[in-house]
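Scroll down for the structure; my scribbles are underneath it.
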Amino acid sequence: MKINSIIEFVRDVYKTDEFVPLHAPTFQGNEKAYVLDTLESTFVSSVGKFVDDFERKMETYTGTARAVATVNGTAALSAALYLAGVKRNDLVITQALTFVATCNALYHLGAEAVFVDVSLTSLGLCPVAMENWLSEHAELTEQGCVHKKTRQVIRAVVPMHTFGHPVELDELTRVCSKWHITLVEDAAESLGSFYKGKHTGTVGDYGALSFNGNKIITTGGGGMVFCKTPEQGVRAKHVTTTAKVPHPYEFYHDEPGFNYRMPNLNAALGCGQMEMLDTFLRQKRVLAQRYKEFFAGSEFNFVEEPEYAQSNYWLNAVICENLYSREALLAQMNEAKVMARPIWKLMHRLPMFAHAMRDDLTNSEFIEARLVNLPSSPVEL
Ligand SMILES: *Cc1c(COP(=O)(O)O)cnc(C)c1O
């Protein structure tokens with residue numbers, strides 16, 4: 001397939017001769033009205049109705065017991081891991097094939113990442129690889145799941161729903177309960193994605209979402225912690241604010257709070273965006289279908305949702321034949337001002353995670369060398 005025909009296809013989809021970004025936000029609903037409302041009311045900061053509204057809207061949509069809004073997705077993930085009991089010197093199993101924020105969140109709690117391979121169907125953490133790694137390196141003790149050699153506690157596992165495609169949550173849940181490990185879903189990219197009818201981020205003990213400008217909906221910057229029980233939710237609100245014990249006027253804080261809370265100004269934008277989510281999801285499914293049909297039978301393998309899942313198709317992707325064809329695709333598309341980007345470099349190639357324990361990463365390396373993301377902004381087709 002000629003790369004020029006891919007460029008023409010994308011230009012035709014977005015009906016433009018200008019630069020085509022990978023994913024751009026649009027504000028065509030009540031976003032402006034809600035944001036103006038916060039300015040006119042002066043409630044732009046930590047107090048105001050939109051934070052509660054945004055959290056309740058998200059609970060209704062996803063079915064999570066409790067949603068707690070935060071300043072960004074990294075903070076949401078960090079808070080979720082903290083709530084899961086992750087502390088200094090603990091091990092946290094995750095993917096090397098992820099955005100760096102997944103690892104930054106656990107790093108700042110003083111924990112260390114362990115990288116296991118991803119599945120080729122979901123592009124996310126492979127339950128078989130995780131189980132095999134645990135069988136070889138871990139044992140159950142009174143402290144929980146412990147690394148045989150270093151005696152570090154393996155406290156949590158963080159699978160990531162890559163580009164919105166849900167990981168195999170039933171299998172991961174089974175491995176986690178067998179080994180007494182807490183499951184924290186990095187659902188930053190997967191608002192609107194469902195695993196066997198359950199919204200991503202609601203199956204694990206905790207989930208974390210992001211509303212950064214490039215995600216399916218945005219609050220400017222923002223994130224959210226999903227909690228499995230109302231009690232966890234109360235504690236999540238407590239630690240992500242200032243951990244203040246309610247009192248009409250006294251200041252008493254009973255633990256160190258993070259002050260990760262989302263300002264009302266951002267939540268107003270989120271409420272407007274949330275009303276558009278169904279439209280974005282519908283448009284993105286049509287777009288993914290178009291890409292799929294376009295690439296059918298070609299040497300570019302379009303990445304489809306796993307058969308057990310409904311994906312939000314946040315970022316469309318193709319797997320190229322080899323590193324050489326990946327380079328050609330990236331170079332020609334970007335040259336033509338139609339944005340395409342490679343998947344992230346594997347985490348163990350970055351200086352701060354180079355010394356992390358890791359398993360065989362054959363699938364991760366295969367994808368790293370071949371995957372290219374294509375323009376995916378919602379568009380009416
Ligand atoms: C976007 C993203 C995050 C969080 O990002 P923020 O910019 O902090 O909101 C975390 N993990 C993954 C996989 C992401 O894509």
Side-chain angles (χ1 to χ4, degrees), residues 21-25 54 58 67-82 84 86 92-109 111 113 115-116 118-119 122-125 156-167 169 172 183-193 200-201 204 206-226 240 258-263 266-267 269-270 273 284 303 311-317 341-347 350 352-353 364 367-368 371 373 376-377:
L22 201 66
H23 204 289
F54 189 39
M58 199 61 78
V68 175
T70 60
V71 280
N72 59 51
T74 311
L77 202 52
S78 218
L81 288 166
Y82 177 81
V86 172
V92 175
I93 297 174
T94 189
Q95 325 172 181
L97 189 87
T98 187
F99 178 54
V100 69
T102 313
C103 299
N104 289 343
L106 65 95
Y107 178 91
H108 288 296
L109 292 171
F115 299 121
V116 304
V118 296
S119 126
S122 72
L123 313 182
L125 199 74
V157 58
V158 187
M160 196 276 282
H161 305 289
T162 308
F163 308 138
H165 302 305
V167 297
L169 285 166
L172 285 172
L183 179 59
V184 177
E185 293 174 65
D186 184 344
E189 307 184 348
S190 62
L191 174 63
S193 296
T200 50
Y206 298 95
L209 271 70
S210 166
F211 311 115
N212 189 36
N214 61 345
K215 298 300 199 296
I216 187 162
I217 70 163
T218 186
T219 57
M224 202 167 262
V225 182
F226 283 180
T240 56
F258 285 101
N259 191 21
Y260 279 164
R261 64 189 150 194
M262 176 184 284
N266 301 75
L269 187 52
Q273 286 269 280
K284 287 169 80 64
V303 177
S311 173
N312 68 1
Y313 280 102
W314 172 53
L315 286 187
N316 291 291
R341 57 146 228 209
I343 197 166
W344 318 280
K345 273 210 184 352
L346 298 183
M347 290 300 110
L350 309 181
M352 59 286 194
F353 305 116
S364 308
I367 296 163
E368 180 192 37
L371 191 139
N373 286 125
S376 302
S377 308

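Both counts, for ligands and for their atoms, begin at 1 and track the order of listing. Positions are given from 1, in the same order as the sequence printed here. Values in this document were obtained by computation on a predicted structure and should not be read as measured data.
In terms of modelled atom types and a separation under 3.5 Å, the side chain of T70 and the main chain of G223 share a donor-acceptor contact. Proximity of a side-chain donor or acceptor of T200 to a complementary backbone N or O of P166 within less than 3.5 Å is not detected.
Residue contacts with ligand 1: W314 is placed with no nitrogen or oxygen under 3.5 Å of a nitrogen or oxygen of the ligand (distance criterion only). Residue-to-ligand polar distances keep L77 apart from ligand 1: every N/O pair is separated by 3.5 Å or more. Ligand 1 has an N or O atom lying under 3.5 Å from an N or O atom of T74, backbone or side chain.
Open room surrounds OH on Y107; 12 or fewer heavy atoms of other groups in view lie less than 6.0 Å from it.
The closest side-chain donor-acceptor pair between S311 and H165 falls under 3.5 angstrom. There is no side-chain donor-acceptor pair under 3.5 Å between N104 and T74.
Classification of the F163-W314 ring pair by plane angle, with boundaries at 30° and 60°, yields tilted.
Looking only at protein heavy atoms, the nearest one to atom 2 (C) of ligand 1 is K215 NZ, 2.9 Å. What sits closest to atom 5 (O) of ligand 1 on the protein, heavy atoms only, is S210 OG, 3.6 Å. Distance from atom 15 (O) of ligand 1 to its nearest protein heavy atom, with residue and atom name: E189 OE2, 2.5 Å. In terms of protein heavy-atom proximity, atom 11 (N) of ligand 1 is closest to D186 OD2, 2.9 Å. Nearest non-hydrogen protein atom to atom 3 (C) of ligand 1 is A188 CB, 3.5 Å.
Which parts of ligand 1 touch M160 is read off a 4.0 Å heavy-atom cut-off, strictly below it: atoms 13 (C). Listed by number with element, the atoms of ligand 1 under 4.0 angstrom from any heavy atom of G73 are 4 (C), 6 (P), 8 (O), 9 (O). Those atoms of ligand 1 that come under 4.0 Å of a heavy atom in N72, given as number and element, are 8 (O), 9 (O).
Between L172 and E185, every side-chain heavy-atom pair lies at or beyond the 4.5 Å cut-off. The shortest distance between side-chain heavy atoms of F54 and F211 falls below 4.5 Å.
Distances from atom 10 (C) of ligand 1 to the heavy atoms of A101, A208, S78 put A101 nearest.
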